[in-house]
Amino acid sequence: EAQVTQNPRYLITVTGKKLTVTCSQNMNHEYMSWYRQDPGLGLRQIYYSMNVEVTDKGDVPEGYKVSRKEKRNFPLILESPSPNQTSLYFCASSTSLSTDTQYFGPGTRLTVL
Amino acid sequence: DQQVKQNSPSLSVQEGRISILNCDYTNSMFDYFLWYKKYPAEGPTFLISISSIKDKNEDGRFTVFLNKSAKHLSLHIVPSQPGDSAVYFCAASYNNNDMRFGAGTRLTVKP
């Protein structure tokens with residue numbers, strides 16, 4: 001089954017404690033992205049990757065890091081989380097960023113205390 | 001600066017009637033537009049898209065209209081069904097790079 005998986009689905013942490021949200025896709029997609037969804041703001045892109053070892057900033061990259069060492073995985077790293085990073089995060093993949101549909105993961109609800 | 005705007009946070013319609021969700025954008029460079037649907041506790045799923053060279057795209061009960069001069073697109077659902085109740089996101093992109101989303105409109109279809 002074609003899918004995008006994210007882990008964990010729910011996470012409560014404290015300010016400053018490094019965390020990683022994993023994202024994996026089994027469709028051999030080149031493009032992968034991370035979004036955060038906040039009320040009234042919709043989905044905002046954090047980082048995207050066009051291929052292995054190729055990443056670029058989206059709209060709201062501050063406080064986040066990503067890596068793309070393998071085609072299927074695109075982890076999101078928060079080195080020192082802060083309360084304003086409390087949000088709902090989605091990973092997505094597609095064959096191209098805009099001219100094809102994006103397949104979204106189920107979301108990760110992050111709370112930073 | 002929100003380049004894609006969905007000005008109605010919510011919409012309620014009766015089952016069987018038409019639902020019209022609207023989306024406005026400011027960047028005339030956008031050349032591809034999409035609608036996503038999101039149920040609670042799930043990721044958004046692709047619904048329908050339209051290229052800037054077209055003004056209409058239809059898929060079953062769903063039709064997207066694009067008015068480039070007004071920088072406006074709309075999603076029509078006819079007839080609306082209770083299972084269509086969800087949050088709908090409008091998205092726009094340009095040059096095969098970047099993608100901007102609206103804030104979403106919550107559609108409630110009442111039986």
Side-chain angles (χ1 to χ4, degrees), chain A residues 1-10 21 23-25 27 29-51 54-61 74 87-109, chain B residues 1-10 21-27 29-54 57 59 62 64 75 86-107:
Chain A
E1 179 191 354
Q3 61 180 355
V4 178
T5 57
Q6 293 178 230
N7 282 293
R9 293 291 314 278
Y10 303 92
V21 184
C23 172
S24 183
Q25 50 96 3
M27 295 166 279
H29 284 163
E30 291 184 345
Y31 283 80
M32 297 186 75
S33 306
W34 274 103
Y35 298 89
R36 59 180 287 174
Q37 183 189 329
D38 300 291
L41 295 174
L43 288 164
R44 292 181 294 167
Q45 193 177 56
I46 303 171
Y47 268 95
Y48 63 94
S49 168
M50 290 178 280
N51 214 325
V54 181
T55 64
D56 208 347
K57 297 176 180 178
D59 286 335
V60 287
F74 190 44
S87 187
L88 180 59
Y89 291 87
F90 289 100
C91 178
S93 75
S94 64
T95 55
S96 70
L97 185 61
S98 63
T99 58
D100 198 355
T101 62
Q102 289 196 65
Y103 293 83
F104 285 85
T108 295
R109 170 71 67 185
Chain B
D1 174 31
Q2 278 197 292
Q3 297 187 34
V4 177
K5 294 180 182 178
Q6 294 175 256
N7 292 317
S8 298
S10 63
L21 295 96
N22 293 304
C23 178
D24 297 293
Y25 61 95
T26 57
N27 190 339
M29 298 297 289
F30 287 138
D31 56 10
Y32 197 70
F33 305 88
L34 307 94
W35 284 94
Y36 286 86
K37 177 178 175 180
K38 183 185 177 300
Y39 291 117
E42 295 182 12
T45 55
F46 170 75
L47 189 58
I48 193 169
S49 64
I50 188 167
S51 164
S52 60
I53 62 173
K54 294 186 173 182
N57 188 25
D59 183 4
F62 302 91
V64 56
L75 174 67
V87 177
Y88 290 79
F89 290 96
C90 168
S93 69
Y94 60 95
N95 202 27
N96 196 31
N97 198 359
D98 206 350
M99 183 172 285
R100 305 298 173 104
F101 287 83
T105 296
R106 181 177 300 281
L107 172 66

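Note on naming: letters A, B, ... go to the chains in the order of the sequence lines (proteins, then strands), and numbering restarts at 1 for each one. Note that the structure is a prediction, hence the values are computed from the model and not measured.
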If you round to the nearest 0.5 Å, how far is CG of L43(A) from NZ of K38(B)?
-> 8.5 Å
Atom pair CZ (F90(A)) and CZ (F101(B)), whose distance is rounded to the nearest 0.5 Å = 10.0 Å
Do other residues, nucleotides or ligands put more than 12 heavy atoms under 6.0 Å from M27(A) CE?
-> yes
Those residues at least two apart in sequence (or on a different chain) that pass side-chain hydrogen bond (donor to acceptor under 3.5 Å, both in side chains) with Y89(A) are Y64(A)
Taking only residues at least two apart or on different chains, which pairs with a member in residues 32-42 of chain A satisfy salt bridge (Lys or Arg N to Asp or Glu O under 4.0 Å)?
-> R36(A)-D38(A), D38(A)-R44(A)
Could you tell me which portion of P44(B) (side chain, backbone, both or neither) has an atom closer than 4.5 angstrom to a non-hydrogen atom of chain A?
-> both
Part of Q37(A) lying under 4.5 Å from any heavy atom of chain B | side chain
Rounded to the nearest 0.5 Å, what separation is found between the CZ atom of F104(A) and the CZ atom of F89(B)?
-> 9.0 Å
